[in-house]
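Working notes, beginning with the structure itself.
Side-chain atoms are counted along with the backbone in the values below, which use heavy atoms only and exclude waters and symmetry mates. Predicted model only: the values in this text are computed from it and were never measured. Throughout, a chain's letter reflects where its sequence line sits, starting with A, and its residues are numbered from 1.
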Amino acid sequence: MLVAAAAIHHRARIFSTMSVVVRFAPSPTGFLHIGGARTALFNWLFARHHGGRYLLRIEDTDRQRSTEPAIRAILDGLDWLGLAADDPPVFQFQRVERHRQAALELLDQDHAYRCYCQPAELEAMRAEARAAGRVRAYDGRWRDRDPATAPPGVDPVIRFKAPLSGETIVADRVQGDVRFANDQLDDMVLLRADGTPTYMLAVVVDDIDMGITHVIRGDDHLVNAARQANLFEALGRVPPVFAHIPLIHGADGSKLSKRHGALGVDAYRDQGYLPEALRNYLLRLGWAHGDEEVISTERAIEWFDLDGIGRSSSRFDFARLGSLNAHYIKEAADPRLVDLVAPRLESDGHRIDETARARLEAGMAGLKPRAKTLVELADAALIYVRARPLPIEAKAAQLLDAAPDGLLQGAAAAFASLEPWSEVELEACCRRLAEEAGLGLGKLAQPLRAAVTGRSASPGLFEVMRVLGREEVAGRIDDALRGLGRNAAVQ
RNA sequence: GUCCCCAUCGUCUAGGGGUUAGGACGUCACCCUUUCAAGGUGAAAACACGGGUUCGAAUCCCGUUGGGGACGCCA
């Protein structure tokens, strides 16, 4: 009867008739880094694809290293990425009693035992194991020892009675069947001497209680999966489906971790990347759907599956992220981009009043195809928000110096009576002026650009002048003619 | 050291016995052009090595090398 029930349970999982429940389970010991963000994304996508639930569990059982700011950073990061959980987060430490109870149960059922080893003793065992070329460090010396022989005054830990022989097979959806000889999986600690649960115990108990059906996480947990599978069984449960995704490495191939300068997602936000660009980039890092590169979130949900996940690790490539970001900036609505760029300009000390805002919106169409990040976009937008006289950059100054005498004056005079003040009229006017002077359009446009923007490169000149308006353009040309803005400290 | 995983252009990858080995980013050239971008066209660029299996291996098997991960009273 029991067997039959288990079999039905198992089949249900296999045929995925039961709804999917996944979780992202970061430990709050630092910010949400890029690898964690991808794990969260894959979990989120998997849940959405299957119409299941995506939960967040904060693994804060390490009281020393868990911090409040880290929790906030993780929550903020997920929020910004659009990967907020479906339910309020589960804080693992709040479930200690349940974990403790599970450990005691295991003890009752002879699946666990008390171990009175001291740190120094364990240290010696580890050294010896390593020297002897064994993975398994703890030798199980308290496994069958009579607790009556326990040294006085020592608080014991509770260890799992792991199988000693045979092998544990992790049927991983990404890595395939991975076999571990049980003699290399040691009796892990479930409950510390101070009575707090370890990660190994807490994950399994929580995954059971939260009804987790699929565990999608980093490759670095693959060996843990074998240990946890045994724990699930000791607790009378079928383990969830595992999918261990390869890790992301730095551009040089080394490990991309907190300790190796990996950035938090907040850093990507600060550097001007759009969340949808980061999501698209992360999705394609380790997952593929044929030749598809630019994938909307809707498509990602439709297409995402575990089969598309590759088995080799990948390297982080900023150039590629940048190109995707440029794409999404181009796609983004102008008002949104203005909202994103305005605070950046303001924090750099530029005042964004009504006029500046209007100019930004009117000029955004010409600005956005030229930017790879919001940082670049904000910089390019300076031509619309700086107050006169504009600082003239060195290259622009050269263009001004090279302009034939009277050329700019002529343009200014022609602009004064130009009707209407439109791009086509502006262009027609400039072409006429250049032709009359026997010059190519570039010979006029370049110094004019320098005068009007203070730079040698900008969006289309006629567009810029149209956005700025007749009065502002006249003023800027006048400033340039009078040599204003030269040697100004550009900021 | 032991155990586990991985290996296609510089990077991300498609391809899973017969392909001119495909795409994207980056690079280079050209076109467009008032600048810079964007856009368009094109080029260079890869199956780590050695053995098998097979009529035929990038694809399957073994080994080597290289890379990565795990070996905590961290998660």
Side-chain angles (χ1 to χ4, degrees), chain A residues 25-29 59-62 64-66 92 115 117 119 122-123 126 129-138 155-159 170 172 174-176 178-181 184-186 188-194 196-200 202-203 218-224 226 244 246-247 249 251 253-255 281 284-294 310-324 326 330 366-372 376 380 395-396 399 427 430-431 434 440-446 448-450 453 455-462:
Chain A
S27 61
T29 54
E59 310 230 312
D60 54 355
T61 51
D62 183 341
Q64 269 74 46
R65 299 199 302 154
S66 297
Q92 196 157 56
C115 166
C117 282
L122 291 166
E123 193 48 55
R126 256 195 294 279
R130 193 166 270 246
R134 279 182 281 118
V135 178
R136 186 174 183 146
Y138 180 68
D155 290 327
V157 299
I158 293 181
R159 281 185 187 272
V170 177
D172 195 274
V174 173
Q175 309 291 341
V178 184
R179 319 165 84 94
F180 295 93
Q184 43 176 290
L185 268 20
D186 62 4
M188 69 254 193
V189 172
L190 301 177
L191 214 58
R192 299 186 183 99
D194 66 2
T196 59
T198 61
Y199 159 79
M200 286 292 175
V203 207
D219 219 348
D220 48 341
H221 284 287
L222 192 55
V223 184
N224 290 339
H244 288 89
L247 269 20
H249 295 277
S254 66
K255 189 186 180 186
Y281 176 72
R284 281 290 288 102
L285 200 58
W287 179 87
H289 183 83
D291 281 343
E292 301 293 338
E293 300 289 351
V294 176
R311 283 185 296 171
S312 50
S313 56
S314 45
R315 300 181 181 207
F316 198 88
D317 180 7
F318 271 100
R320 197 177 169 82
L321 206 212
S323 125
L324 241 13
K330 251 173 285 171
L367 253 17
K368 65 183 182 182
R370 294 172 164 78
K372 274 209 295 291
E376 288 180 14
K395 276 187 194 162
L399 289 169
E427 176 164 1
C430 285
R431 286 193 185 278
L441 179 58
K443 291 283 185 239
L444 168 62
Q446 279 303 82
L448 201 48
R449 182 193 316 281
T453 68
R455 324 238 256 205
S456 58
S458 77
L461 178 60
F462 310 117

5'-most contact on RNA chain B (nearest-nucleotide basis), A/Arg431 vs A/Lys372, goes to A/Lys372

Note: for A/Trp287 and A/Gln184 on RNA chain B, the residue whose nearest nucleotide lies more 5' is A/Gln184

Check this for me: does the side-chain of [X] come within 3.5 Å of the base of [N] through a donor and an acceptor?
X        : N     : value
A/Arg65  : B/A75 : no
A/Asn224 : B/A75 : yes
A/Asp291 : B/G22 : yes
A/Arg134 : B/C71 : no
A/Arg311 : B/C6  : no

What nucleic acid atoms does [X] come within less than 4.0 Å of, heavy atoms only: base, sugar-phosphate, or nothing?
X        : answer
A/Cys117 : base
A/Leu448 : nothing
A/Pro26  : nothing
A/Arg315 : sugar-phosphate
A/Thr196 : nothing
A/Tyr281 : nothing
A/Arg159 : sugar-phosphate
A/Leu285 : sugar-phosphate
A/Val189 : sugar-phosphate
A/Gly286 : sugar-phosphate
A/Val178 : sugar-phosphate
A/His289 : nothing
A/Arg449 : base
A/Ser458 : base

A/Tyr281 and A/Phe318 aromatic centres sub-6.0 Å
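They do not qualify: ring centres at least 6.0 Å apart.
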
Would you say the side chain of [Y] lies within less than 4.5 Å of the side chain of [X], judging by non-hydrogen atoms?
X        : Y        : value
A/Leu321 : A/Phe316 : yes
A/Leu324 : A/Val294 : yes
A/Val174 : A/His244 : no

Whole angstrom value for the distance that separates [atom2] of [N] from [atom1] of [X]:
X        : N     : atom1 : atom2 : answer
A/Phe180 : B/C3  : CZ    : P     : 12 Å
A/Asp220 : B/C5  : CG    : P     : 16 Å
A/Gln175 : B/A70 : CD    : C1'   : 13 Å
A/Arg136 : B/C4  : CZ    : P     : 15 Å
A/Leu222 : B/C5  : CG    : C1'   : 7 Å
A/Arg320 : B/U11 : CZ    : P     : 12 Å
A/Arg284 : B/A24 : CZ    : P     : 12 Å
A/Lys443 : B/U35 : NZ    : C1'   : 12 Å

Who pairs with [N] - Watson-Crick or G-U, where each distance is under 3.5 Å:
N     : answer
B/A21 : none
B/A58 : none
B/C28 : B/G42
B/A7  : B/U65
B/G72 : none

Between [options], which nucleotide gets closest to the side-chain atoms of [X]?
X        : options             : answer
A/Leu247 : B/U11, B/G69, B/C12 : B/G69
A/Ala319 : B/G26, B/A75, B/U13 : B/G26
A/Ala457 : B/U35, B/C71, B/A37 : B/U35
A/Pro369 : B/A37, B/G10, B/A24 : B/A37
A/Val223 : B/A70, B/U13, B/C6  : B/A70
A/Met200 : B/A75, B/C36, B/G72 : B/A75
A/Ser312 : B/C25, B/A7, B/A70  : B/A7

>> Whether A/Lys330 contacts B/G39 is assessed here as follows: a side-chain N or O lying under 4.0 Å from the phosphate OP1 or OP2. Is that the case?
In response: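 Indeed, a polar side-chain atom of A/Lys330 lies that close.
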
Do side-chain atoms of [X] reach the backbone of [Y] as a donor and acceptor pair under 3.5 angstrom?
X        : Y        : answer
A/Ser314 : A/Leu285 : no
A/Arg136 : A/Leu185 : yes
A/Arg449 : A/Pro459 : yes
A/Glu59  : A/Val203 : no
A/Arg284 : A/Trp287 : yes
A/Asp60  : A/Gln92  : yes

Quick one: which protein N/O atoms are closer than 3.5 Å to N/O atoms of nucleotides 44-48 of chain B? Pair and distance per line, please.
none

Would you say A/Lys372 has more than 12 foreign heavy atoms packed within less than 6.0 Å of its NZ?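 Check fails, neighbour count at 12 or below.
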
Which value, in whole Å, describes the distance between the [atom1] atoms of nucleotides [N] and [M]?
N     : M     : atom1 : answer
B/A45 : B/G26 : C1'   : 11 Å
B/C30 : B/A14 : P     : 34 Å
B/A58 : B/U20 : C1'   : 15 Å
B/G52 : B/G69 : P     : 35 Å
B/G51 : B/G68 : C1'   : 26 Å
B/G15 : B/C55 : C1'   : 23 Å
B/C60 : B/A38 : P     : 39 Å
B/G16 : B/A7  : C1'   : 15 Å

Smallest heavy-atom separation, A/Thr29 atom then A/Ser66 atom, equals CG2-N, 4.3 Å

